[in-house]
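Taking it in order: structure first as structure tokens, then the write-up.
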Amino acid sequence: MSQRGFSLLELMVGLTILGFAVSMAIPSYMQWTQNTYIRNATEGVLNGLQQARSLALQRNTRVQFVVAADSAWTIRLEPPAATVLESRLAGEGVRNVIVRPTLTDGSASAPAIVTFDGIGRRIGANEDGSLPISEVGVDSTVLAAADSRDLRVTIGAGGQVRMCDSNAIAGDPRAC
């Protein structure tokens with residue numbers, strides 16, 4: 001007499017193995033997901049800075065990129081007009097991510113501003129007298145430092161904007 005299918009014991013062993021495999025994969029998947037959020041937020045900041053610089057060139061006027069304390073950012077014309085050209089809300093499209101601007105003297109500040117002049121350069125001091133942003137770091141609020149990607153966007157004095165990874169080894173083009 002031939003049997004077809006699985007016995008209850010075989011089915012339970014199979015489900016136990018499947019459950020164990022899934023429980024081992026979930027932490028890695030959550031870490032990968034959060035690092036993807038970090039990458040997306042960093043690319044959003046990079047694109048915003050590039051757009052602010054491009055608008056300064058197109059309009060031949062000063063355009064500011066402002067990072068708020070809640071990690072939101074805005075592109076606006078320099079005061080007194082201060083017309084908002086574009087903005088992104090905190091957490092838009094990403095979760096558990098914080099944006100940390102660093103000023104040219106190495107201090108951290110939020111809100112923080114970088115102003116691009118009509119030929120696309122980062123100016124030395126903003127209209128309000130504050131120092132401009134030199135880099136913007138993006139980090140996770142839920143991952144341990146060892147598990148989190150350390151991505152930054154740097155802003156050169158000439159206005160060039162670039163994303164880099166401070167965990168990349170020296171000589172790697174992604175390194176900061």
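It should be emphasised that the depicted structure is a prediction, and the values quoted were computed from it without experimental measurement. Along the sequence shown, residues carry numbers from 1.
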Side-chain contact, heavy-atom cut-off 4.5 Å: Leu85 with Arg59?
yes
Test side-chain hydrogen bond (donor to acceptor under 3.5 Å, both in side chains) applied to Gln50 - qualifying residues, sequence neighbours left out
none
Please determine, by modelled atom types, if Asn126 and Thr115 share a side-chain donor-acceptor pair under 3.5 angstrom.
yes
Yes or no on side-chain contact (heavy atoms from CB on, under 4.5 Å) for Val63 and Glu78, after CA distance, side-chain angles and deciding distance?
CA-CA 5 Å; Val63 174; Glu78 186 176 54; over 6 Å; no
Between Gly124 and Pro132, the two heavy atoms sitting closest are O-CD, 3.1 Å
Check whether any side-chain heavy atom of Cys164 sits under 4.5 Å from a side-chain heavy atom of Arg174, and report yes or no.
no
In Å, rounded to the nearest 0.5 Å, how long is the span from CD of Gln160 to CD1 of Ile155?
10.0 Å
Contact check, side chains of Ile75 and Phe116, non-hydrogen atoms, under 4.5 Å:
no
Pairwise side-chain contact, Gln64 with Leu77, heavy-atom cut-off 4.5 Å (strictly under):
no
Would the distance check show the side chain of Asp147 and the main-chain N or O of Leu143 forming a donor-acceptor pair, the cut-off being under 3.5 Å?
no
Separation of Leu151 CG from Met163 CE (nearest 0.5 Å)
6.0 Å
For side-chain contact (heavy atoms from CB on, under 4.5 Å), just list the numbers for Met30 and Thr33, CA-CA rounded to whole Å, side-chain angles, deciding distance to a tenth of an Å, and then say yes or no.
CA-CA 5 Å; Met30 292 174 65; Thr33 302; 5.6 Å; no
Is there side-chain contact between Leu49 and Val114, with at least one heavy-atom pair below 4.5 Å?
yes
Main chain of Ala112, side chain of Ser109: is a donor-acceptor contact present, judged purely on distance under 3.5 Å?
no
Does any part of the side chain of Thr102, heavy atoms only, come nearer than 4.5 Å to the side chain of Val136, both counted from C-beta?
no
Do Gln51 and Phe65 have side-chain heavy atoms sitting under 4.5 Å apart?
no
When you measure from the side chain of Ser148 to the backbone of Ala144, do you find a donor-acceptor pair of N or O atoms at a distance under 3.5 Å?
no
Taking the side chain from Arg95 and the backbone from Tyr37, do they hold a donor-acceptor pair closer than 3.5 Å?
no
So how far is it from Arg121 CZ to Arg53 CZ, rounded to the nearest 0.5 Å?
10.5 Å
Measure across Leu57 and Gly120 and return the closest heavy-atom pair with its distance rounded to 0.1 Å.
CD2-N, 3.5 Å
Rounded to the nearest 0.5 Å, how far does CD of Glu86 lie from OG1 of Thr74?
9.5 Å
Please report the interatomic distance CG(Leu55) to OG1(Thr61), rounded to the nearest 0.5 Å.
10.5 Å
Backbone N/O of Leu103 and side chain of Ser134: donor-acceptor pair under 3.5 Å:
yes
Under a single-linkage rule joining Ile, Leu, Val, Met, Phe, Trp and Tyr whose side-chain heavy atoms are separated by less than 4.5 Å, which residues share a cluster with Val66?
Ile113
Exceeds 12 heavy-atom contacts within 6.0 angstrom, atom CZ of Arg162
yes
With distance as the sole test, does Asp70 use its side chain to make a donor-acceptor pair with the main-chain N or O of Ile98 at under 3.5 Å?
no
Any donor-acceptor N/O pair, Gln34 side chain to Asn96 backbone, under 3.5 Å
yes
Do Val153 and Leu131 sit in the same hydrophobic cluster, where Ile, Leu, Val, Met, Phe, Trp and Tyr count as joined when their side-chain heavy atoms come under 4.5 Å apart?
yes
Do Val45 and Arg88 have side-chain heavy atoms sitting under 4.5 Å apart?
no
Measure the spacing between OG1 of Thr36 and CZ of Arg149 and express it to the nearest 0.5 Å.
8.5 Å
